[in-house]
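Bear in mind that the values here come from a model prediction, so they are computed numbers and not experimental data. Side-chain atoms are counted along with the backbone in the values below, which use heavy atoms only and exclude waters and symmetry mates. Within every chain, numbering begins at 1; the chains are lettered A, B, ... in the order of the sequence lines, protein sequences first and strands thereafter.
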Amino acid sequence: MLIDILFKTIGTNYRHNQVIEIFHMNMGGGGVWKLPRPRAKGVPFFSRNQIATTLHQVGVLLELKGANPFRTRSYFNGSRTISTLTEDFGEVVISGRLMDLKGIGKGLGSGITNAVLEGEWPEDWIELFEKTPSGLIVMLGIPNLGPKRIKLLNEELGITNIIELQESCEASEIEDLSGFGKKSQQKILDGIQLLKRFNARRRLDIGLLYGNALKELISNIPKVEQIELAGSARRKKESIGDLDLVIGAKSEHHDEISNSILSLPGIADIKGAGDSKISLILDTSIFENEFNLGNLDGGVLDAIGGEDYEKMEATGTIDAQVRIVPSNMFPFTLAYFTGSKEHNIRMRQRALDRGLKLNEFGLIPIAKIDDLKGIEAAQFSIKADSEEDIYKRLDLPYIVPELREDLGEIEAGEENNLPELITINSIRGAFHNHTILSDGEATLEQMADEAQKLNWEYLGISDHSESLKIANGANANDLLNQGKLIEKYNSTWKEKGNDFRLFHGVESDILENGKLDYSEDVLRELDYVVASVHAMTKWNNRDESENTEDLIKTIENKYTTMLGHPTGRIIQGRNGYEVDMHAVIRTMGDMNENGIFKAIELNASPYRLDLDWRLCKFAKMCGVPVSINPDAHDLMGLRDVRFGTYIARKGWLEKSDVLNTKSSEEVATLFSKRS
DNA sequence: GCCGTTTTCGGCCCGACTGTTTTCAGTCG
């Protein structure tokens with residue numbers, strides 16, 4: 001049963017650092033990769049998302065074909081350029097400015113232009129999609145198995161999918177291939193198991209739980225001078241592959257520290273232990289108490305494997321790499337293993353431009369090192385007490401880990417224009433929360449109490465609407481009665497001089513043609529409406545333009561205040577439906593400009609983190625306020641706003657960009673701007 | 001495939017680790 005569920009999801013998620021990126025951008029669509037069909041309405045025949053996704057997929061398919069790596073890279077670069085474009089993509093193509101973009105030359109430029117203007121994909125791309133077995137793409141998700149060896153497996157043994165691969169391993173057919181052996185055969189089997197369980201990645205909340213537990217244990221080891229969690233966990237990516245920890249200590253203590261680490265609790269297996277690096281597999285025995293996964297709404301639970309999910313987490317593991325370096329190297333190693341790869345490339349290039357070489361050991365004047373390499377050369381490194389010093393030496397202000405993705409942070413740093421990112425302390429409340437009226441676990445009163453314990457000034461209650469039977473959606477009468485109760489509480493607090501207040505909303509299901517639940521008479525009584533899609537099957541089966549049109553209709557509805565979990569994606573569970581979110585956000589931006597308040601939710605549940613951080617910056621640019629909502633189904637759920645804050649920071653948001661940093665008076669005023 | 005130009009083609013970030021090899025290829029970040 002469990003395996004069935006997991007195999008079902010493997011079809012849509014792939015772990016390959018580039019493939020997974022696409023998954024997280026919600027650009028992947030359904031299971032098998034297919035070139036999108038052109039939009040029925042004509043030019044532009046394809047959206048920015050579709051072009052960016054396609055370029056990326058062509059790049060992956062070229063890798064599997066064994067094409068020139070620089071050629072494949074240019075497809076990835078092109079995809080990146082287009083997905084981060086802030087202008088209207090269609091206009092850029094139509095006005096013939098596409099090839100002015102850095103990274104788009106004659107080849108990509110003419111292919112894209114023809115696709116967008118004529119609705120036809122280049123022949124060689126069509127052929128790539130048709131001739132590559134989709135199972136090979138799934139195999140890229142297996143750790144330590146890349147395009148070259150997959151190509152070899154395909155050519156030598158005729159393997160076209162993960163099931164055949166597993167059978168071949170079990171029949172010991174792989175170990176005899178040149179370049180393979182017993183160990184790599186076993187590694188592939190292990191990797192298949194990992195992929196089946198978690199798509200070889202873990203959600204941010206789970207990663208941070210393990211990471212912080214290990215960090216805490218190591219920091220108590222004598223003679224450890226510095227320790228920090230690095231990697232994607234430090235950068236607060238929505239999911240992480242493995243944990244990276246960096247330790248600073250005197251060289252003479254490295255052995256002792258290393259031995260202490262190997263005897264810590266929670267280690268299921270030791271994959272390797274060298275002079276400077278320890279590779280571990282951690283399991284849940286690292287936690288003193290069992291971890292509480294909280295109450296999930298039914299849709300989320302289903303998407304991540306239903307009832308079997310908790311069992312899976314309880315027996316789950318995570319890989320961790322621990323590196324021990326002399327304290328003087330610590331900032332360099334920390335920066336290096338924090339990444340991202342793209343950010344590091346830019347930083348290294350920046351160092352080269354200044355006659356310096358940047359690596360995990362130091363920042364070293366090239367003139368001094370002759371033929372010395374790595375750690376040998378590091379004796380000539382410029383001193384740094386912290387990462388700040390490294391940035392300073394490269395003429396940049398400090399860039400926080402969340403921003404290190406090479407998505408404009410270097411340029412913003414050069415212009416001294418980095419954002420002052422929001423912190424959790426700025427949050428004054430939240431607007432998407434459930435009570436026992438629908439599928440929540442706590443009463444209105446309990447939720448209000450908990451919000452006050454968090455020092456919030458207000459709380460918005462938005463139970464599920466009538467049509468969502470599966471989540472016990474509230475009928476009109478019950479909803480209106482909830483409103484009366486809220487009024488009563490609000491006036492009682494006011495009489496007592498307590499400034500706390502509740503806002504009364506609803507999470508309305510988005511119905512046919514973008515309609516909301518309930519009659520106008522009911523909607524008029526509410527402070528706000530969170531409009532969300534729940535009919536995922538239907539929305540997944542429609543094309544991007546239909547979904548986009550319906551969402552825009554919903555937003556144009558007078559009573560829609562904000563869009564809830566905008567794409568419906570569940571991390572490690574399912575992709576979102578296809579939608580041109582740029583167009584949706586742009587519509588919201590235009591309405592805000594005209595004095596009509598429309599906000600977009602950043603659903604802070606670690607299972608969702610939707611709006612994706614890559615789109616937060618775009619919402620900010622369009623002047624669309626972001627509401628960081630926990631989608632709480634119980635008291636603990638309110639605390640999920642912290643994950644939303646991490647993602648908001650990653651998405652460049654400042655305090656002023658976020659709705660729930662405003663005072664309750666300001667919020668009330670904004671909510672009243674309906675038309 | 002893109003870029004930058006020495007305008008016709010060479011260079012494209014770089015190092016560690018692993019498991020294969022017997023000097024290196026593949027993978028990863």
Side-chain angles (χ1 to χ4, degrees), chain A residues 15-18 20-21 55 58-59 62-63 66-81 99-112 122 124-125 140-153 174-188 191 200 230-235 237 240-244 246 271-279 319 321 323 325 332-333 335-353 356-362 364 366 373-378 404-406:
Chain A
R15 175 172 187 264
H16 178 274
N17 55 354
Q18 286 144 346
I20 203 75
E21 191 74 10
L55 286 180
V58 169
L62 282 169
E63 277 191 324
N68 176 345
F70 297 108
R71 184 172 165 224
T72 60
R73 188 194 290 176
S74 62
Y75 280 86
F76 296 134
N77 288 342
S79 170
R80 203 176 148 85
T81 301
M99 283 183 238
D100 295 344
L101 301 176
K102 195 171 158 59
I104 309 287
K106 268 190 191 164
L108 295 182
S110 62
I112 296 167
D124 53 329
W125 296 8
L140 280 169
I142 300 168
N144 304 310
L145 196 57
K148 294 216 169 103
R149 296 206 299 171
I150 289 172
K151 179 167 183 272
L152 192 96
L153 288 167
I174 309 280
E175 62 181 52
D176 297 330
L177 289 178
S178 93
F180 290 82
K182 274 195 190 311
K183 277 198 177 174
S184 41
Q185 182 169 273
Q186 186 56 45
K187 267 197 162 180
I188 291 171
S232 43
R234 186 168 182 236
R235 298 203 317 280
K237 286 280 289 268
I240 63 178
D242 53 16
L243 297 168
D244 289 287
V246 180
K271 285 169 81 179
D275 290 344
S276 62
K277 179 177 156 185
I278 303 172
S279 282
D319 285 14
Q321 323 282 336
R323 289 174 178 81
V325 296
F332 300 104
T333 314
Y336 183 86
F337 286 105
T338 296
S340 66
K341 178 182 153 190
E342 288 78 10
H343 180 84
N344 284 355
I345 289 171
R346 291 289 304 274
M347 291 289 283
R348 268 199 292 269
Q349 187 56 52
R350 222 177 152 79
L352 285 177
D353 294 344
L356 299 163
K357 184 181 184 128
L358 178 65
N359 57 30
E360 68 257 55
F361 307 116
I364 309 147
I366 289 167
K373 287 206 166 171
I375 207 159
E376 299 280 309
R404 298 182 198 168
E405 300 288 347
D406 188 25

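Contact annotation for A:Asp244: no contact, since no heavy-atom pair falls under 4.0 Å across all strands.
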Taking protein heavy atoms under 4.0 Å as touching, what does nucleotides 18-23 of chain B look like 5' to 3' if B marks base contact, S marks sugar-phosphate-only contact and - marks none?
SSSS--

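Nucleotide B:dG29 holds its P atom 12 Å from the CG atom of A:Leu243, rounded to whole Å. Per the geometry, CZ belonging to A:Arg404 stands 15 Å off C1' belonging to B:dG29, to the nearest Å. Taking atom CZ of residue A:Arg346 and atom P of nucleotide B:dC13, one finds them 12 Å apart after rounding to whole Å. Atom CG of A:Asn359 is separated from atom P of B:dC17 by 12 Å (rounded to the nearest Å). The NZ atom of A:Lys148 sits 15 Å away from the P atom of B:dC24 (whole-angstrom rounding). Distance CZ (A:Phe76) to C1' (B:dC2): 15 Å, rounded to an integer number of Å. Taking atom CG of A:Leu152 as the reference point, atom P of B:dG26 lies 9 Å away to the nearest angstrom. Regarding A:Lys106, its NZ atom lies at a distance of 12 Å from the C1' atom of B:dT8, rounded to whole Å.
Within the model, atoms CD of A:Glu175 and CD of A:Gln186 stand 10.5 Å from one another, a figure rounded to the nearest 0.5 Å. To the nearest 0.5 Å, atom CG of residue A:Leu153 and atom CD1 of residue A:Ile188 are 6.0 Å apart. Here the straight-line distance linking atom CD of A:Gln321 with atom NZ of A:Lys277 works out to 4.5 Å at 0.5 Å rounding.
Between the side chain of A:Thr72 and the backbone N or O of A:Gly59 there is no donor-acceptor pair closer than 3.5 Å. No donor-acceptor pair under 3.5 Å is formed between the side chain of A:Ser79 and the backbone N or O of A:Tyr75. A donor-acceptor pair under 3.5 Å is absent between the side-chain atoms of A:Thr338 and the main chain of A:Ala230, judged by distance alone. Between the A:Arg234 side chain and the A:Asp244 main chain, no donor and acceptor come within less than 3.5 Å of each other.
The side chain of A:Ser74 lies closest to B:dG1, out of B:dC28, B:dC14, B:dG1. Closest to the side chain of A:Tyr336, out of B:dG15, B:dC3, B:dG1, is B:dG15. Comparing B:dG4, B:dG15, B:dG1 against the side chain of A:Arg71 picks out B:dG1 as the nearest. Distances were taken from every side-chain heavy atom of A:Lys102 (C-beta onward) to each of B:dC28, B:dG1, B:dG4; the shortest belongs to B:dG4. In the set B:dG1, B:dG29, B:dC14, the nucleotide with an atom closest to the side chain of A:Leu352 is B:dC14. Which of B:dC13, B:dG15, B:dG29 sits closest to the side chain of A:Arg348 comes down to B:dC13. Comparing B:dG1, B:dG26, B:dG15 by their closest approach to the side chain of A:Lys357 singles out B:dG15.
A gap of 14 Å separates the P atoms of B:dC3 and B:dC13, to the nearest Å. Straight-line distance between the P atoms of B:dC12 and B:dT18: roughly 28 Å, to the nearest whole Å. Between B:dA25 and B:dT20, the distance separating the two C1' atoms is 9 Å to the nearest Å. Distance check on atom C1': B:dG26 versus B:dT21 gives 13 Å, rounded to whole Å. To the nearest whole angstrom, the two C1' atoms, one in B:dG15 and one in B:dC9, are 28 Å apart. To the nearest whole angstrom, the two C1' atoms, one in B:dC17 and one in B:dT23, are 16 Å apart. Of the P atoms belonging to B:dT6 and B:dG11, the separation is 15 Å, rounded to the nearest Å.
Look at B:dT8: it lacks any Watson-Crick or wobble partner with both distances under 3.5 angstrom.
Across the interface with DNA chain B, nearest-nucleotide mapping of A:Ile345 and A:Asp124 shows A:Asp124 to be the residue nearer the 5′ end. Both A:Gly339 and A:Arg73 lie near DNA chain B, and the one whose nearest nucleotide falls closer to the 5' end is A:Arg73.
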Apply side chain to side chain contact (heavy atoms under 4.5 Å, CB included) to the pair A:Thr81 and A:Lys102, showing each step before the final yes or no.
CA-CA 8 Å; A:Thr81 301; A:Lys102 195 171 158 59; 5.9 Å; no

List the steps and the verdict of side chain to side chain contact (heavy atoms under 4.5 Å, CB included) for A:Leu55 and A:Ile112.
CA-CA 9 Å; A:Leu55 286 180; A:Ile112 296 167; 3.8 Å; yes

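Applying the 4.0 Å criterion to OP1 and OP2 of B:dT27, one finds that A:Arg149 has a side-chain N or O inside that range.
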